[in-house]
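Along the sequence shown, residues carry numbers from 1.
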Amino acid sequence: MKQLERIRTLLRYINSLPLSWLHFSRTKRLLIIAFTYWLGIAGLWLFFPPTHNGASMFLPIISACWLFRYRGLLISLLLNGIAFQLCYYWFLRGLLPDQAFQEGAIIGFGTSLGLGLVVCWLRTTVELLHVARHQAIAAEEERLQALQAERQLTLAYEQQRKINDLKDQLLLHVGHELRTPLTVLGGFLELLKDYFERMEPAEQIRVLLQALTSYDELVTLVNQVEDAVTVSGTFPSPHNEAVSIHKVVENVLTHLDPHNVEAYTIHLLVDEHIQAWADPQYLYRILQNLLSNVFKYVPKQTTISIEAVQPTYSSQICISVQDAGPGIPPDELPLLFDKLVRLRRDLAGSIRGTGLGLYICKHLVEALGGQIWAESSGRKGEGSRFCITLPAYAHQDSAQDSIKELSPSV
């Protein structure tokens with residue numbers, strides 16, 4: 001099989017050899033013609049006596065016409081005549097009568113002219129075919145480039161359309177969400193302006209607290225929108241360090257609304273020794289968003305379990321938040337972490353939301369090198385379980401120790 005393939009390769013090379021000559025420089029082409037003249041004269045000298053013809057002199061005619069076309073034909077006919085006369089004078093005189101030499105010269109000239117014209121025509125045809133082939137390839141490349149440009153324009157248009165849709169949804173959501181706390185805040189401020197002096201101190205404090213609650217809602221909403229814009233743009237790299245999961249969870253629970261924290265039974269199943277390799281601010285915002293969602297959508301007086309598991313000392317840490325709420329329909333789970341996505345039942349409900357919290361959580365977790373997902377059967381009372389994986393701090397130490405061991409001592 002290998003020998004057969006070599007023979008085929010050799011035949012392909014021989015077949016393409018005359019075409020490769022067309023790309024040679026002028027010097028190389030002149031050397032080829034000189035070599036064919038040497039072969040032609042040698043053949044004339046060696047084979048003329050037994051065969052009584054000068055067919056070997058067709059070689060320079062063919063090579064000159066192939067390499068230089070009609071210029072080569074004229075020059076080679078002239079050189080052939082000179083070469084034949086010199087050969088006749090030095091080698092061939094006396095072998096045939098002079099009349100036979102003259103008749104042979106005329107027939108040879110006519111045959112050489114006809115053969116040269118055929119070779120020149122072949123060369124022109126090959127060149128035209130090459131030009132047509134290159135034009136076809138160029139046209140195909142232009143067509144492919146046009147298709148690619150059209151495809152890029154289509155993708156850019158679709159991307160721009162999606163961006164515009166997201167902007168419209170964002171404006172719609174934000175406008176809708178801002179309206180209620182702004183209305184409440186404005187109402188309480190109007191109440192204080194008109195009736196402040198006639199209110200009891202306790203009533204004044206109650207109205208101020210309500211106004212501050214609406215203010216906090218507005219600040220939270222603006223922060224979420226700002227986080228979403230930051231995630232969509234240039235996202236800053238996290239500053240990772242050893243972070244105690246237990247301390248971060250306690251810090252989040254401390255800063256959440258005490259009324260919400262007291263309204264649930266919270267089981268904190270986090271070992272104080274478990275440490276993640278993460279940015280503490282990122283982890284704080286992730287857990288704050290998850291717990292805020294639980295307090296918003298899960299009925300009060302139910303149980304919330306916050307757990308952190310690390311199977312081995314160097315394996316990843318899995319943090320989970322389990323609630324006993326209405327759950328999430330399985331068909332909506334894949335869309336849960338997209339921008340501006342809310343459950344269908346929440347869109348028709350009275351609970352406000354922007355659909356940005358879980359979207360922000362996903363990008364923050366991925367920036368830390370982890371993953372986030374949700375599990376739920378969708379059955380009421382069985383709730384949902386949000387899980388996060390993060391690199392462990394012990395893994396970072398072991399990696400650094402390995403590098404130190406492999407490094408040569410100074």
*For atom CD of E203, is the number of surrounding heavy atoms from other residues, nucleotides or ligands below 6.0 Å larger than 12?*
yes
_Do S244 and E272 have side chains that approach each other closer than 4.5 Å (heavy atoms only, starting at C-beta)?_
no
_Set out, in order, the CA-CA distance, both residues' side-chain angles and the distance that settles side-chain hydrogen bond (donor to acceptor under 3.5 Å, both in side chains) for Y284 and D279, then state yes or no._
CA-CA 9 Å; Y284 177 89; D279 187 314; over 6 Å; no
*Starting from the C-alpha separation in whole Å, work towards a yes-or-no answer on side chain to side chain contact (heavy atoms under 4.5 Å, CB included) for L74 and L78.*
CA-CA 6 Å; L74 294 175; L78 178 63; over 6 Å; no
*Using atom types as modelled and distance alone, determine if a side-chain donor or acceptor of Y282 lies under 3.5 Å from a backbone N or O of A367.*
no
*Below 4.5 Å, heavy atoms only, C-beta onward: do I372 and F337 meet side chain to side chain?*
yes
*N/O donor-acceptor pair under 3.5 Å between Y264 side chain and F295 backbone*: yes
*Determine, stepwise, if the pair S320 / Q322 fulfils side chain to side chain contact (heavy atoms under 4.5 Å, CB included).*
CA-CA 6 Å; S320 62; Q322 173 76 52; 5.7 Å; no
*Any residue meeting salt bridge (charged side-chain N to carboxylate O under 4.0 Å, His left out) with K300, in chain and number order, not counting sequence neighbours*: none
*Are any of the side-chain heavy atoms of L358 and L290 separated by less than 4.5 Å?*
yes
*Spatial distance of atom CG (L287) from atom CZ (F386) [nearest 0.5 Å]*: 12.5 Å
_Looking at K247 and E250, is there a salt bridge between them, counting it only when a charged N and a carboxylate O are closer than 4.0 Å?_
no
*Indicate the atoms forming the closest heavy-atom contact of I61 with S112, along with that distance.*
CG2-O, 3.8 Å
*May I have the step-by-step check of side chain to side chain contact (heavy atoms under 4.5 Å, CB included) for V321 and N293, ending in yes or no?*
CA-CA 11 Å; V321 179; N293 273 359; over 6 Å; no
_Under 3.5 Å donor-acceptor, S376 side chain and G383 backbone_ = yes
*Closest contact, heavy atoms only, Q310 versus S315*: NE2-O, 3.4 Å
*asked:* Applying side chain to side chain donor-acceptor pair (under 3.5 Å), can you list everything that pairs with R379, at least two apart in sequence or on another chain?
replied: E382
*Quick one: are E141 and I137 in side-chain contact, heavy atoms under 4.5 Å?*
yes
_4.5 Å side-chain heavy-atom contact, L79 and I33_ = no
*At their closest point, which heavy atom of M57 faces which heavy atom of N80, and how far apart are they?*
O-ND2, 3.0 Å
*Determine the minimum heavy-atom distance between S76 and Y37, stating which atoms define it.*
O-OH, 3.1 Å
*Taking C-beta and beyond as the side chain, do E140 and L144 meet within less than 4.5 Å on heavy atoms?*
yes
_Reported CD1-to-CD1 distance for the pair I245 and I306, which is rounded to 0.5 angstrom_ = 11.5 Å
*What heavy-atom pair brings Q288 and V252 nearest, and what distance separates the two atoms?*
CA-CG1, 3.7 Å
*Between atom CG of L122 and atom SG of C65, what is the distance when rounded to the nearest 0.5 Å?*
10.5 Å
*Which heavy atom in T36 sits nearest to a heavy atom in P60, and how many Å separate them?*
OG1-CA, 3.4 Å
*What's the spacing between I317 CD1 and T389 OG1 if we round to 0.5 Å?*
10.0 Å
*Tell me, do W121 and L117 make a side-chain contact under 4.5 Å, heavy atoms counted?*
no
_Results of side-chain contact (heavy atoms from CB on, under 4.5 Å) for L192 - residues two or more places apart only_ = F196, M199, V207, L208
*Give a yes or no on this: more than 12 heavy atoms of other residues, nucleotides or ligands lie within 6.0 Å of atom CD of E366.*
yes
*Could you go step by step and tell me if L256 and S292 meet the side chain to side chain contact (heavy atoms under 4.5 Å, CB included) rule?*
CA-CA 8 Å; L256 288 172; S292 297; 3.8 Å; yes
*Does atom CD of E150 have more than 12 heavy-atom neighbours, drawn from other residues, nucleotides or ligands, at distances under 6.0 Å?*
no
*Atom CG of D323 and atom CD1 of I328: how far apart are they, to the nearest 0.5 Å?*
8.0 Å
*asked:* Nearest 0.5 Å, please: how far is OG in S384 from CG in L333?
replied: 7.5 Å
*pair Y70-R123: side-chain heavy atoms closer than 4.5 Å*: no
